[in-house]
2 protein chains.
Amino acid sequence: MSLRHALLGLLWTKPSSGYELVGRFEGSLGNAWHASHSQIYPELARLREEGMAEVVGEGPRNSRTWAATDAGRAELRRWLTETEPNRSIRNETGVRWFVLFLLDPDDRRAVLERELAYVDEEAARLDETRTRIDADGGSAFRPVVDLGIRMDAVMQEWLREQIDATREP
Amino acid sequence: MSLRHALLGLLWTKPSSGYELVGRFEGSLGNAWHASHSQIYPELARLREEGMAEVVGEGPRNSRTWAATDAGRAELRRWLTETEPNRSIRNETGVRWFVLFLLDPDDRRAVLERELAYVDEEAARLDETRTRIDADGGSAFRPVVDLGIRMDAVMQEWLREQIDATREP
DNA sequence: GCCATCATGTAATTAGTTACATGATTAG
DNA sequence: CTAATCATGTAACTAATTACATGATGGC
């Protein structure tokens with residue numbers, strides 16, 4: 001279960017409300033994991049029961065600010081250093097890019113072009129994130145942003161090559 | 001639900017038994033999707049009910065060979081060209097690489113080195129796959145193998161840089 | 001003859017998605 | 001004053017994992 005560890009990581013860097021965590025998931029962990037509010041709220045409650053997260057403040061609109069406890073940080077460290085990673089991936093885009101090569105060139109090109117448009121947007125978003133981090137004087141996660149940028153560049157190049165290939169004999 | 005489309009793609013390229021599909025999933029779609037036999041067998045039965053897959057032969061040990069039907073191929077094509085991709089990803093390794101930067105340099109390096117060892121193995125496997133495909137006179141999926149090889153190269157470089165960074169002041 | 005692997009299935013549990021439900025605050 | 005967004009929660013359903021269960025075949 002990566003959800004709790006993702007939440008502990010986010011709360012470690014910055015205490016947040018459940019609602020804010022939904023947004024932070026999209027913004028930073030978006031291309032590794034996804035979680036909706038209906039999963040986040042119950043999980044925060046479980047983390048509190050187990051002493052790994054706590055409510056450290058209350059704000060307007062009945063919002064509560066959560067933070068990781070020492071036990072939560074210890075659990076995240078233990079998970080990273082002592083447990084065997086689950087390598088199984090669930091990436092629909094990857095499945096699409098795989099089976100795509102069964103289509104005839106015209107259909108294939110249309111799909112590839114949509115994919116390229118998406119990756120272009122994604123790359124632009126990441127580039128903005130990088131600019132923002134650098135302007136703010138850095139972040140621990142700067143290296144992860146950099147990895148994302150490099151991966152996107154590889155995908156863009158590959159997609160352009162595959163689009164070109166649909167036009168060959 | 002990508003499972004059925006992944007299955008249709010695999011069956012399109014080569015009719016197989018459920019048991020063989022488990023192996024083919026690992027071998028080719030492994031870094032995009034994962035499925036175990038307990039999910040594959042019921043899904044094949046559903047695909048048959050819906051006319052998208054059929055049993056085209058029986059072999060020893062009560063094995064049955066499945067193939068995609070015309071309706072199955074049409075459905076795969078429709079899914080690729082007409083439906084909006086679900087971009088949400090579930091990749092525990094990605095979550096780990098993200099939260100890793102909360103650890104102190106020594107712990108972080110230990111985890112990064114394990115990750116590099118894994119990616120090295122992964123890259124070696126993919127390289128074998130490429131060699132085998134080229135020796136066999138090619139495959140439609142050769143481009144996807146190439147993408148994987150490039151991604152692995154980016155990850156190897158990034159991991160080496162991050163390992164070096166744990167040794168800096 | 002027996003062990004490894006091939007081969008298929010179902011049941012129980014857990015994780016994740018979608019839908020339902022409601023209230024608070026703020027900007028216009 | 002009202003619509004958008006902030007904010008939290010639960011219920012129903014679907015997908016996925018883990019565990020249970022069994023039999024066939026081939027190599028040794």
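Within every chain, numbering begins at 1; the chains are lettered A, B, ... in the order of the sequence lines, protein sequences first and strands thereafter.
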Table of protein N/O atoms under 3.5 Å from nucleotides 25-28 of chain D N/O atoms:
from: D:dT25; atom 1: O4'; to: B:R61; atom 2: NE; distance (Å): 3.3
from: D:dT25; atom 1: O2; to: B:R61; atom 2: NH2; distance (Å): 2.7

Distances under 3.5 Å between protein N/O atoms and the N/O atoms of nucleotides 13-16 of chain D, please, pair by pair.
from: D:dA16; atom 1: OP1; to: A:R90; atom 2: NH1; distance (Å): 3.2
from: D:dA16; atom 1: OP2; to: B:Q39; atom 2: NE2; distance (Å): 2.6
from: D:dA16; atom 1: O5'; to: B:Q39; atom 2: NE2; distance (Å): 3.2
from: D:dA16; atom 1: O3'; to: A:R90; atom 2: NH2; distance (Å): 3.1

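Atom CD of residue A:E115 and atom CG of residue A:L159 lie 7.0 Å apart, to the nearest 0.5 angstrom. Atom CG of A:D70 is separated from atom CD of A:E54 by 8.5 Å, given to the nearest 0.5 angstrom. Note that CZ of A:R109 and CG of A:L100 are 12.0 Å apart. Values are rounded to the nearest 0.5 Å.
Counting side-chain heavy-atom gaps under 4.5 Å among Ile, Leu, Val, Met, Phe, Trp and Tyr, the cluster of A:I133 also holds A:L126, A:V145, A:I149.
You can see that DNA chain C meets the heavy atoms of chain A within a 4.0 Å-exclusive cut from C:dA15 to C:dT26, reading 5' to 3'.
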Only distances under 3.5 Å count here; give the side-chain donor-acceptor pairs of residues 56-64 of chain B to other protein atoms, sequence neighbours excluded, each with its distance to 0.1 Å.
from: B:S63; atom 1: OG; to: B:P60; atom 2: O; distance (Å): 3.1

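Looking at A:T83 and B:R96, their side chains do bring a donor and an acceptor atom within 3.5 Å of each other.
A:E157 and A:R160 are not joined by a salt bridge, as no carboxylate oxygen comes within less than 4.0 angstrom of a charged side-chain nitrogen. Using a 4.0 Å cut-off between a side-chain N of Lys or Arg and a carboxylate O of Asp or Glu, B:D146 and B:R150 qualify as a salt bridge.
Side-chain heavy atoms closer than 4.5 Å link hydrophobic residues (I, L, V, M, F, W, Y) into clusters, and following such links, even through other members, never connects B:I89 to A:W97. No continuous path of ILVMFWY side-chain contacts below 4.5 Å connects A:Y118 to A:V154, so the two sit in separate hydrophobic clusters.
A heavy atom closer than 4.0 Å to some atom of DNA chain C occurs in no member of residues 13-26 of chain A. Heavy-atom distances under 4.0 Å link DNA chain C to no residue of residues 75-89 of chain B.
In this structure B:E121 satisfies the side-chain contact (heavy atoms from CB on, under 4.5 Å) test together with B:R125, sequence neighbours excluded. Taking the side-chain contact (heavy atoms from CB on, under 4.5 Å) definition, one finds that B:P105 meets it with B:R108, B:T166, sequence neighbours left out. Under the side-chain contact (heavy atoms from CB on, under 4.5 Å) criterion, B:T13 pairs with A:L102, B:R24, B:F141, sequence neighbours left out.
For the salt bridge (Lys or Arg N to Asp or Glu O under 4.0 Å) condition, the pairs that include at least one residue of residues 3-20 of chain B, sequence neighbours left out, are B:R4-B:E43, B:R4-B:E50. Evaluation of the ring pair (Phe, Tyr, Trp, His ring centres under 6.0 Å) test over residues 6-25 of chain B, restricted to residues two or more places apart or in two chains, returns none.
Of the two residues near DNA chain C, B:S63 and A:H37, the one whose nearest nucleotide lies more 5' is B:S63.
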